[in-house]
Amino acid sequence: MPNRLSISECIKLLDNREIKVTELVNAYLREIENRDEEINAFITVTKDEALEKAEELDRKGKRISPLSGIPGGIKDNICTKNINTTCASKMLKDFVPKYSATVYERLLDNDFVMLGKLNMDEFAIGGGGEYSYFKPVKNPYNISHMAGGSSSGSAASVAAFECAFSLGTDTGGSILKPSSYCGVVGMKPTFGTVSRYGVVGFAPSLEQTGPITRTVLDNAIVLSKIAGHDEKDPCSIKRDLDFLQDIDKGLKGLKIAVPKELMDMDVIQRDVRKCYEKSFEIFKELGCQVDVVSMPSLQYSLSAYYAISSSESASTLARYDGIRYGHRTKEYSNIEELYEKTRGEGFGIDVKKRILFGTFLLVEKEKNYLDKARKARTILMNEYERLFKEYSIVLTPASPITAPAFGEKQSNALEKYYEDIFTTPINLCGIPALSMPVCKDSNGLPVGIILSARHYDEKTLYRFGHAFEAARGILK
Amino acid sequence: MINFALKHIYDIFLTTKVLEVIILDITNLEKLAKIRLTEEERKEIEKDLAYFTTMLEDPFKADTSNVQGTTIVSHTENVYRDDLVEDFEDLLFDGEIIVPRIVE
């Protein structure tokens, strides 16, 4: 079954003409047909376009890039010209962009085969994958459990062998957490590494686009093809980055920091803690030094993240007013009522919560929470910077828990947000991070870890990840 | 579900003035954000916002004197592009563009 192969294995077969692109694409389309009715990873499947492209590539014969003929899926908040881009929202359910995001164009330039648009939490707000207007995304390891979010379809499709790779976006853990819940490899690159032009965001100071794959090497291959300066994105960085150059160098003598404050937290499930500690042993066997270090500023990260992201979302999502595009309410008597009813009908409950919270923060002047959150962000960044002078990576669990079951009751709204405690510092600081599986919990659900590194040091993360994966094996 | 040892902190916060402010302001926030909520949504959001606000005090524990806030972590460079003029022939009337009416 060619759809079970890694990208690097497919590259060899395609290069040696031992497999046709159409065979590969058909294998993935069959898997989507057989399985996606229960997983719900896709919002739109572009079957005809995929087969047409595959036939064209087979006719052409020449492969112009490692990604030539490799089938992938795109999160549905990334604009794809003439293909629905819904952000999993009623607000944009019929929206067809007139242009494509740079990141999608880069994949097209590399002759990848587009399989379709992937389900997500509405407007990338949410952490479980259950807040899609269309249908909740289910975990391929156990469909009564969530896939994680917001890039839920991106992670679930790769785990279910419905895509060789996918693109997700990450604002506060939206690539890292679903990758962990679904047992796949997800990269949140350094802020500015991948162009965000044409990506529908909600918190512009935090967001990045990144790849999700089944192996670390595959991840580095995809990132190599989508990264790079884009003059259309004001935050795009001008740097030559080679993500593969150190991947086989081994880890002897490298130092890993483990934050004491996170180790002490009793919110971490027992199985997650066990797998996390198992990862220390694997890294030590690979020649690393693992030190427990204090990072006191981590305690501010969750609140700083929610203050900043909510405020930005209140501003960014103000554009959805029913005037230029998207949903518009049917009955209204004046312009104010048009706005209010359109937004009331078009947005889901989690998006409304975030906008209202952000609105409160933007108008609140007495305590100036937002200003305080931005200062806490600076303190956190300084702390990471100090740490990275001595350590190559910081190692944490990906989430305090494994994928929760649908309908599992939380005693209050904050419990859900505490799942993001390990991911939010990464976005606040704009540093790169790699999420990868370690083992499974007693219910057979994947447990993941996050490796984070200094700005622009994705190559070190791939080096650690590749060595770890070789020692532990790929999660099955 | 997660066993939060910190749960008692929420209960302390629930008695603070911050919560009262949010409960009193929810209708005003709807107006400011231009979102009309149903009664059911209003109740749920009111309750959740109260929990959210309990988190906001955390950064106040930090010493932020002489610390400058971070709004973005990388450099930014303004992007200027030429306007893209689409086909508007059918909107031309007597040499002027007639903009379609949005709100009747």
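Chain letters run A, B, ... following the sequence lines, proteins first, then strands; residues in each count from 1.
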- prompt: Heavy-atom distance under 4.5 Å to chain B: side chain of Arg324(A), backbone, both or neither?
  reply: neither
- request: Identify which of Asp233(A), Ile349(A), Ile355(A) forms the greatest number of heavy-atom pairs closer than 4.5 Å to chain B.
  value: Ile349(A)
- request: Check each atom of Ser301(A) against the heavy atoms of chain B and say whether the ones under 4.5 Å are side chain, backbone, both or neither.
  value: neither
message: Is it the case that the side chains of Thr70(B) and Thr378(A) hold a donor-acceptor pair, with the cut-off being a distance below 3.5 Å and no angle test?
response: yes
- request: Determine the option with the most heavy-atom pairs under 4.5 angstrom with chain A, choosing from Asp63(B), Ile72(B), Asn78(B).
  value: Ile72(B)
- prompt: Can you say whether Glu41(B) sits under 4.5 Å from chain A via the side chain, the backbone, both, or neither, judging by heavy atoms?
  reply: both
- line: Greatest number of non-hydrogen atom pairs under 4.5 angstrom with chain A, of Arg36(B), Glu30(B), Gln68(B), Glu44(B), falls to Arg36(B)
query: Counting heavy-atom pairs under 4.5 Å to chain B, which of Glu231(A), Lys232(A), Gln299(A) comes out on top?
result: Lys232(A)
message: Under the criterion ring-ring contact (aromatic ring centres under 6.0 Å, His included), I'd like the reasoning laid out for Phe347(A) against Phe123(A): C-alpha separation, chi angles, the key distance, then a yes or no.
response: CA-CA 9 Å; Phe347(A) 290 133; Phe123(A) 280 106; 5.8 Å; yes
- prompt: Can you find a side-chain donor-acceptor pair between Thr402(A) and Asp441(A) that sits under 3.5 Å?
  reply: yes
field: Test: Arg454(A) cationic atom under 6.0 Å from Tyr384(A) six-membered ring centre, within 45° of axis
entry: no
query: So, do Leu49(B) and Ile26(B) sit near enough that their side-chain heavy atoms are less than 4.5 Å apart?
result: yes
message: With chain B as the partner, which of Ala307(A), Pro234(A), Ala376(A) has the greatest number of non-hydrogen pairs under 4.5 Å?
response: Pro234(A)
field: Tyr197(A) portion near chain B, given a 4.5 angstrom heavy-atom threshold
entry: side chain
query: Side chain, backbone, both or neither: which part of Tyr306(A) has a heavy atom under 4.5 Å from chain B?
result: side chain
task: Could you tell me which portion of Leu356(A) (side chain, backbone, both or neither) has an atom closer than 4.5 angstrom to a non-hydrogen atom of chain B?
output: both
field: Toward chain B, the part of Met265(A) with a non-hydrogen atom under 4.5 Å
entry: neither
statement: Residue set satisfying ring-ring contact (aromatic ring centres under 6.0 Å, His included) with Phe202(A), at least two apart, ordered chain then number -> none
message: For Gln208(A) and Thr193(A), which I'm curious about, is there any donor-acceptor pair between the side chains at under 3.5 Å?
response: no
message: Could you report the tightest heavy-atom contact between Ile35(B) and Gly344(A), atom names first, then the distance?
response: CG2-CA, 4.1 Å
- line: Closest heavy-atom pair, Lys188(A) versus Ile431(A), reported as atoms and distance to 0.1 Å, is NZ-O, 2.8 Å
task: Measure distances from Glu364(A) to the heavy atoms of chain B and classify the residue's part below 4.5 Å as side chain, backbone, both or neither.
output: neither
message: Counting heavy-atom pairs under 4.5 Å with chain B, which one of Lys98(A), Lys372(A), Arg343(A), Glu345(A) comes out on top?
response: Lys372(A)
message: Need one label for Leu361(A): side chain, backbone, both or neither, based on atoms under 4.5 Å from any heavy atom in chain B.
response: side chain
- prompt: What do the steps show when you test Asp371(A) against Lys375(A) for salt bridge (charged side-chain N to carboxylate O under 4.0 Å, His left out), and what is the final call?
  reply: CA-CA 6 Å; Asp371(A) 180 59; Lys375(A) 287 179 175 172; 3.5 Å; yes
